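This report refers to the structure that appears directly beneath it.
Only a predicted model underlies this, so the values are computations on that prediction, with no experimental measurement involved.
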Amino acid sequence: MIKNRLEVTEKIIATKVSKGLTWEKVAKEVGLSKEWVTAACLGQMTLNDEQANKVGGLFNLNENEIKWLKVVPYKGSLPTAVPSDPLIYRLYEVVSVYGLTIKELIHEEFGDGIMSAIDFSMDIQRENNPAGDRVNILLSGKFLPYKTF
């Protein structure tokens, strides 16, 4: 019997591999973006009943496993403080190198506040390029100004 959400995530990944599924196909079945559905399947989002049942059907989950898809997760998917996976590390490196620049430019344009990761969307696209294909990542979060009180 599955005891936690991580075990459900591992079953989803194993079933994805064995069935030859793509995250894009899973997202189309669920009816939402591939970015959000992938995050949900990897344990970072909470699915509603309809979404959980669709994901459960695709990944052969039983009733108990489907219940785990509807539990509010502990967010944060990195197993270590500094990521060791090369692709994730490069994103960490982007923030390490350009984080202060991003912060300064957001503050200059919007004022004192933050970009929401709750009222948020993401789009990942492949850009064909003769010098080597490029990865385009668009992060779009609502600006939340700090209040004075």
Side-chain angles (χ1 to χ4, degrees), residues 1-103 106-107 110 112-128 132-147 149:
M1 175 178 231
I2 299 252
K3 298 176 189 155
N4 60 51
R5 181 59 176 92
L6 180 58
E7 290 181 17
V8 175
T9 299
E10 290 172 349
K11 181 174 180 178
I12 286 172
I13 293 168
T15 305
K16 177 186 177 287
V17 171
S18 69
K19 285 185 157 187
L21 294 171
T22 65
W23 291 122
E24 188 167 358
K25 181 180 181 339
V26 173
K28 283 182 182 174
E29 291 289 325
V30 175
L32 296 168
S33 75
K34 69 181 182 288
E35 294 81 8
W36 191 90
V37 171
T38 302
C41 289
L42 295 178
Q44 295 300 302
M45 300 295 169
T46 308
L47 286 84
N48 65 28
D49 287 334
E50 181 183 351
Q51 296 159 347
N53 287 326
K54 286 180 181 179
V55 168
L58 287 167
F59 293 106
N60 305 325
L61 303 180
N62 64 38
E63 189 177 317
N64 182 57
E65 294 162 341
I66 290 171
K67 287 179 184 178
W68 280 106
L69 300 176
K70 299 183 274 185
V71 173
V72 176
Y74 179 85
K75 301 214 190 254
S77 60
L78 299 179
T80 59
V82 175
S84 58
D85 178 87
L87 191 143
I88 296 172
Y89 181 80
R90 291 302 171 249
L91 294 171
Y92 173 81
E93 181 180 39
V94 167
V95 173
S96 294
V97 173
Y98 292 103
L100 288 176
T101 301
I102 294 166
K103 177 181 170 41
I106 288 172
H107 287 188
F110 293 91
D112 188 12
I114 62 169
M115 182 182 89
S116 175
I118 296 170
D119 189 343
F120 175 86
S121 64
M122 172 177 40
D123 186 42
I124 300 173
Q125 297 292 324
R126 180 184 201 127
E127 177 187 328
N128 294 323
D133 288 356
R134 303 186 66 84
V135 177
N136 287 323
I137 302 173
L138 173 65
L139 307 175
S140 178
K142 179 180 180 180
F143 180 74
L144 303 170
Y146 285 101
K147 293 190 218 179
F149 54 95

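For the residue pair M115 and F120, the shortest heavy atom distance occurs at CE-CE1, 3.9 Å. P73 approaches G43 most closely through the heavy-atom pair CB-O, 3.1 Å. Across all their heavy atoms, W68 and V8 have their closest contact at CB-CG2, 3.7 Å. The two atoms that bring N62 and N64 nearest to each other are OD1-N, 3.0 Å, heavy atoms only.
Under a 3.5 Å cut-off, the side chain of K11 and the backbone N or O of N60 do form a donor-acceptor pair. Q51 contributes a side-chain N or O that, together with a main-chain N or O of N48, makes up a donor-acceptor pair within less than 3.5 Å. Using a distance-only test at 3.5 Å, with no hydrogens or angles considered, no donor-acceptor pair links the side chain of E127 to the main chain of D133. S18 contributes a side-chain N or O that, together with a main-chain N or O of T15, makes up a donor-acceptor pair within less than 3.5 Å.
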**Message:** Could you go through L69 and I12, starting from their C-alpha distance and side-chain angles, then the distance that decides it, and tell me whether this counts as side chain to side chain contact (heavy atoms under 4.5 Å, CB included)?
**Reply:** CA-CA 11 Å; L69 300 176; I12 286 172; 4.0 Å; yes
**Message:** Is there a side chain to side chain contact (heavy atoms under 4.5 Å, CB included) between L42 and S77? Walk through the geometry before answering.
**Reply:** CA-CA 8 Å; L42 295 178; S77 60; over 6 Å; no
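The number of heavy atoms from other shown groups lying within 6.0 Å of CG (L100) does not exceed 12. Counting non-hydrogen atoms of neighbouring residues, nucleotides and ligands closer than 6.0 angstrom, the NZ atom of K19 exceeds 12 such neighbours.
The shortest side-chain heavy-atom distance between I137 and L91 falls under the 4.5 Å cut-off.
For the atom pair E93 CD and Y98 OH, the distance stands at 9.0 Å (nearest 0.5 Å). Of the inter-residue distances, the one linking E63 atom CD with I66 atom CD1 reads 7.5 Å to the nearest 0.5 angstrom. Atom NZ of K70 sits about 6.0 Å away from atom CG of N53, to the nearest 0.5 Å. A distance of 11.0 Å separates CE of M45 from CG of L32, quoted to the nearest 0.5 Å. With rounding to the nearest 0.5 Å, the separation of CG in L58 from NZ in K25 is 6.5 Å. Residue E29 holds its CD atom at 12.0 Å from CD of E24, rounded to the nearest 0.5 Å.
Partners of A27 under the side-chain contact (heavy atoms from CB on, under 4.5 Å) rule, at least two apart in sequence or in another chain, are K34, V37. With sequence neighbours excluded, the residues that form a side-chain contact (heavy atoms from CB on, under 4.5 Å) with E7 are I2, K3, N4.
Relative ring orientation between W23 and F59 is described as tilted, the plane-to-plane angle lying within the 30° to 60° band.
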